Amino acid sequence: MSITAHLEELKKKHQSLSDQVDLAQRSPGTDHVEVAAMKKQKLKLKEEITRLSG
């Protein structure tokens with residue numbers, strides 16, 4: 001897999017997680033531990049995207 005394709009896949013995963021976090025935060029009774037875990041995973045993806053881009 002090329003770096004460009006890998007970056008695109010990471011960006012898609014990041015966007016998907018972002019959407020999931022937004023939805024979870026708007027839902028009543030959301031598990032805040034789960035949201036925190038998703039945010040942490042999202043940050044790791046963002047760091048990987050930044051590392052590969054720069």
Side-chain angles (χ1 to χ4, degrees):
M1 179 183 290
S2 71
I3 290 179
T4 304
H6 186 60
L7 273 172
E8 287 304 312
E9 189 63 30
L10 290 174
K11 288 177 183 178
K12 286 179 189 176
K13 288 180 183 179
H14 184 270
Q15 184 58 50
S16 175
L17 267 174
S18 184
D19 294 343
Q20 290 175 16
V21 168
D22 289 344
L23 182 63
Q25 288 179 327
R26 283 187 259 129
S27 301
T30 299
D31 182 4
H32 296 289
V33 174
E34 186 178 335
V35 171
M38 286 191 289
K39 285 183 174 183
K40 187 174 182 180
Q41 189 176 10
K42 203 175 116 176
L43 179 60
K44 285 182 180 183
L45 285 172
K46 184 68 172 179
E47 288 172 346
E48 182 71 5
I49 290 166
T50 302
R51 186 180 69 79
L52 291 174
S53 296

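If you read the sequence from its start, that first residue is 1, and numbering goes on from there. If you're wondering where the values come from, they're calculated on a predicted model, not measured in any experiment.
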Q. Under a single-linkage rule joining Ile, Leu, Val, Met, Phe, Trp and Tyr whose side-chain heavy atoms are separated by less than 4.5 Å, which residues share a cluster with L17?
A. I3, L7, L10, V21, V35, M38, L45, I49, L52

Q: Take atom NZ of K39 as the centre, draw a 6.0 Å sphere, and report whether it contains more than 12 heavy atoms from other residues, nucleotides or ligands.
A: no

Q) Heavy atoms, side chains only, cut-off 4.5 Å: are Q41 and K44 in contact? A) no

Q. So, does S18 use its side chain to make a donor-acceptor pair with the main chain of H14 at under 3.5 Å?
A. no

(Q) Once rounded to the nearest 0.5 Å, what's the spacing between atom CD of Q20 and atom CD of Q15? (A) 10.5 Å

Q) Is the backbone of A5 close enough, under 3.5 Å, to the side chain of S2 for a donor and an acceptor to pair up by distance? A) yes

Q: Rounded to the nearest 0.5 Å, what's the gap from NZ on K11 to OG on S16? Could you check?
A: 16.0 Å

